[in-house]
Amino acid sequence: MRAKLRSGRVLVAALGLVSARGLSARSAMASKRIVVWFKGTNDLRVHDNPLLARAAQLCAELGGDAEVVPAYSFDPFFFGVSELGSNKMGPHRARFLVESVADLRAQLRAQCASDLLVGVGPPERLIGPLVGSAPAGGAVLLMSDEVASEEREAVGRVRSAVRATGTPCDVESFWMSTVYHRDDLPFGGGARGARANGGGLERMPDMFTPFKERVERELATRPMARTPAAGELPLPPKRDALASDGVTAGECARGFDLLPSLAQLGMAEPMDDPRGVLRFVGGEAAALRRVRHYLWDTDCLRSYFETRNGMIGADYSSKLSPWLAHGCLSPLKVVEEVGRYEAARVKNKSTYWLIFELLWRDFFRFYAVKHGNAIFKLGGITGERREWVTGAQAAERLRRWKEGSTGLPLVDANMREMAATGFMSNRGRQNVASYLALDLAVDWRLGADHFEGLLLDYDVASNWGNWVSAAGLARAGRVNQFNIVKQGRDYDADGAYVRLWCPELRAVPAEYIHTPWEMPQQLQDKLGVRIGEDYPSPLAVPPGHAFRGAYAGGRRPATGNAPIGGRAPNTDRFGRRPSDGGGAGEPGAGSARRRP
């Protein structure tokens with residue numbers, strides 16, 4: 001796969017009225033403003049960034065009679081509350097995002113002699129005025145493609161704001177978040193079909209293995225986009241005039257030196273827990289340092305396959321996901337570095353497996369394009385009707401799951417780690433998701449929504465795709481219901497991870513560390529770990545580990561009459577109308593702040 005690189009210029013996915021060639025032909029040397037809109041979902045970097053490469057290409061075609069304005073806006077919508085009641089972004093991810101934007105500005109200045117105009121407010125109030133004040137030659141807006149409804153709705157508002165200015169503006173959108181390009185996939189109508197009918201992916205397999213095997217066999221990765229050199233992205237001659245205090249109607253506060261604090265974004269400063277695997281610092285520079293550390297400085301890639309299911313420490317896995325999720329790191333850059341590593345050090349199952357994990361990211365992004373809002377629905381892709389617990393019972397189970405007080409040590413340790421640090425291992429995510437959806441029979445979307453708010457590496461497609469799969473609603477083969485006790489004994493045999501995050505269990509011997517409720521009462525008294533007092537009684541336990549406690553329910557939820565179906569007009573991505581309510585622990589719980 002990595003040896004098959006295409007040659008040639010970056011292909012343009014033009015959503016405007018003209019192609020790149022047509023734009024050059026008709027420019028007639030009229031001064032033009034090129035606005036590069038960074039969104040923070042897959043584009044916060046200068047390496048392998050098609051937006052910047054295209055901006056430099058346009059400037060060259062226009063004979064230098066152009067100006068480039070890179071811009072980013074902190075959108076308050078994504079700092080609000082979701083339809084299901086969770087914060088859409090927690091303090092750890094908010095800090096990482098601010099750091100990433102600051103580093104993007106630094107990289108633009110250092111590598112491209114450019115800059116970044118930062119706004120605080122809805123992006124349409126940043127991009128609209130930038131297009132509206134463009135020179136006589138009009139404007140070009142460059143942006144990355146999105147795969148999910150809320151992000152696409154933001155794009156729609158920006159496009160409406162641009163049209164409302166009356167300024168001639170061509171809009172070009174680029175796919176830039178995967179190893180393989182969407183338009184190269186062999187599952188539908190190709191580049192033309194990618195604009196309709198499920199993104200041209202109507203024949204894409206819903207199971208990962210056949211997807212992986214076919215793309216590896218038939219596709220080549222595209223070349224990385226070139227990073228523009230100094231002088232190729234000229235700033236406006238009077239760039240200070242683009243700053244605004246946000247007082248003008250329809251505009252937001254913006255400036256080339258503006259960078260909001262977390263407090264200004266309505267967020268608290270996160271606490272750094274010393275037990276965390278890593279202090280994740282946002283930005284492209286930190287991302288490339290991490291790649292260098294994991295591959296070259298420590299040689300950890302050599303044994304990645306053997307260590308990847310660890311839970312303690314910085315280097316049991318690559319930990320690249322937060323930078324990939326924000327676009328600080330291109331997946332193609334990782335592919336390139338792994339290829340270099342294989343040529344210089346070793347090529348083995350571990351080097352392949354890191355690329356294999358990147359293909360899971362690809363799969364879920366394309367899966368989200370194919371299935372649209374079905375990944376947010378209670379019945380998932382399958383439309384299966386199940387009887388989920390509701391009301392006070394659901395609220396109690398959900399509360400204990402979120403707090404890490406389910407009485408299942410492996411679940412509790414992972415949930416506490418995520419709450420304290422914003423990070424959870426892949427092994428942990430599979431276990432806690434399976435436990436909530438399949439053991440406790442709580443609406444799986446409430447778990448996905450909670451993850452959305454807390455995870456540093458939140459990515460809409462990976463998060464919701466993994467959760468709908470964990471709930472067994474993804475049309476992906478058998479339901480993989482985890483035996484939490486067995487998983488604990490397999491991947492935390494001595495209980496070191498559980499003791500790290502559940503210190504009340506530190507005295508429990510390894511024999512009982514994953515089943516503390518099985519300790520004889522005499523031993524509980526001796527150790528000072530009384531189940532139901534010092535550590536919670538379990539909500540549900542796997543077969544063979546009986547507990548006469550608060551809940552001894554079955555392993556699989558029964559079928560029932562839970563609502564499913566397509567999205568009706570004037571509903572959110574979950575199919576709910578803005579006025580829908582709901583009891584505690586139900587889908588309508590919490591206030592949902594959505595922009596009109």
Side-chain angles (χ1 to χ4, degrees), residues 9-14 16 20-21 23-24 27 29-40 42-73 100-119 123 126-127 129-131 133-144 158 162 167 169-174 176 223-243 254-259 283-285 288 327-330 333:
R9 58 182 285 179
V10 175
L11 299 180
V12 176
R21 179 177 298 177
L23 179 64
S24 178
S27 62
M29 297 304 291
S31 183
K32 189 177 292 286
R33 173 173 294 168
I34 301 165
V35 178
V36 181
W37 177 25
F38 291 91
K39 296 199 248 81
N42 51 40
D43 54 11
L44 297 182
R45 63 181 184 270
V46 300
H47 77 271
D48 188 32
N49 194 317
L51 309 182
L52 296 177
R54 176 61 173 153
Q57 179 189 33
L58 288 173
C59 286
E61 292 178 352
L62 290 166
D65 196 14
E67 59 187 41
V68 179
V69 184
Y72 175 86
S73 187
S100 298
V101 172
D103 185 71
L104 174 62
R105 173 182 278 161
Q107 299 305 319
L108 284 166
R109 289 173 175 176
Q111 297 192 49
C112 308
S114 183
D115 212 328
L116 183 67
L117 184 69
V118 172
L126 173 67
I127 305 302
L130 288 178
V131 170
S133 61
V140 178
L141 175 61
L142 307 178
M143 61 183 175
S144 61
V158 167
V162 165
T167 300
C169 181
D170 299 308
V171 181
E172 298 179 14
S173 184
F174 295 78
M176 55 183 294
M224 289 196 294
R226 184 181 65 87
T227 301
E232 292 188 281
L233 302 174
L235 290 162
K238 297 181 179 179
R239 64 175 189 160
D240 290 343
L242 297 179
R254 61 181 187 265
F256 284 102
D257 293 312
L258 175 64
L259 188 71
E284 179 177 9
L288 297 177
C328 305
L329 179 64
S330 163
K333 178 64 175 176

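Everything quoted here is computed from the prediction, not taken from an experiment. These numbers come from the heavy atoms of this one structure, side chains and all, not from hydrogens, waters or symmetry mates.
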remark   = For L126 and P129, the nearest pair of non-hydrogen atoms, with its separation, is O-CD, 3.5 Å
query = Can you check whether L329 reaches L288 side chain to side chain, under 4.5 Å on heavy atoms?
reply = yes
remark   = Nearest heavy-atom approach of I34 to C59 is CD1-SG, 3.8 Å
message = Using side-chain heavy atoms (C-beta onward) and a distance below 4.5 Å, is P123 in contact with K39?
response = no
query = Between L52 and V68, is any pair of side-chain heavy atoms under 4.5 Å apart?
reply = no
Candidates R45, E284, H47 - the one meeting side chain to side chain contact (heavy atoms under 4.5 Å, CB included) with K333 = H47
Minimum-distance pair of heavy atoms, taken over all atoms of A134 and T167 = CB-CG2, 4.2 Å
task = Let me see the working for V35 and V162 under side chain to side chain contact (heavy atoms under 4.5 Å, CB included), right down to the final yes or no.
result = CA-CA 11 Å; V35 178; V162 165; over 6 Å; no
message = Using side-chain heavy atoms (C-beta onward) and a distance below 4.5 Å, is L104 in contact with Y72?
response = no
message = Nearest 0.5 angstrom please: K32 NZ to E67 CD, how far?
response = 11.0 Å
message = If I compare all heavy atoms of D43 with all of W37, which pair ends up nearest, and what's the gap?
response = OD2-O, 3.9 Å
key: Side-chain (D65) to main-chain (S31) donor-acceptor, under 3.5 angstrom   = yes
query = Do V158 and L141 have side-chain heavy atoms sitting under 4.5 Å apart?
reply = yes
message = Taking L130's backbone N and O only, do any of them form a donor-acceptor pair with R33's side chain (distance below 3.5 Å, no angle check)?
response = yes
request  = For the pair S144 (side chain) and M176 (backbone), establish whether a donor and an acceptor sit closer than 3.5 Å, ignoring hydrogens and angles.
outcome  = no
message = Side chains of R105 and L259, heavy atoms from C-beta outward: is any pair under 4.5 Å?
response = yes
Only pairs under 3.5 Å count here: list side-chain donor-acceptor contacts from residues 228-242, not counting sequence neighbours, and write none if there are none.
| unit_1 | atom_1 | unit_2 | atom_2 | d |
| --- | --- | --- | --- | --- |
| E232 | OE1 | R226 | NH1 | 2.9 |
| E232 | OE1 | A229 | N | 2.5 |
| E232 | OE2 | R226 | NH2 | 2.9 |
| R239 | NH1 | D115 | OD2 | 2.6 |

inquiry  = Could you report the tightest heavy-atom contact between Q107 and A285, atom names first, then the distance?
reply    = NE2-CB, 3.8 Å
note = When every non-hydrogen atom of L51 is compared with those of L142, the smallest separation belongs to O-CD1, 3.4 Å
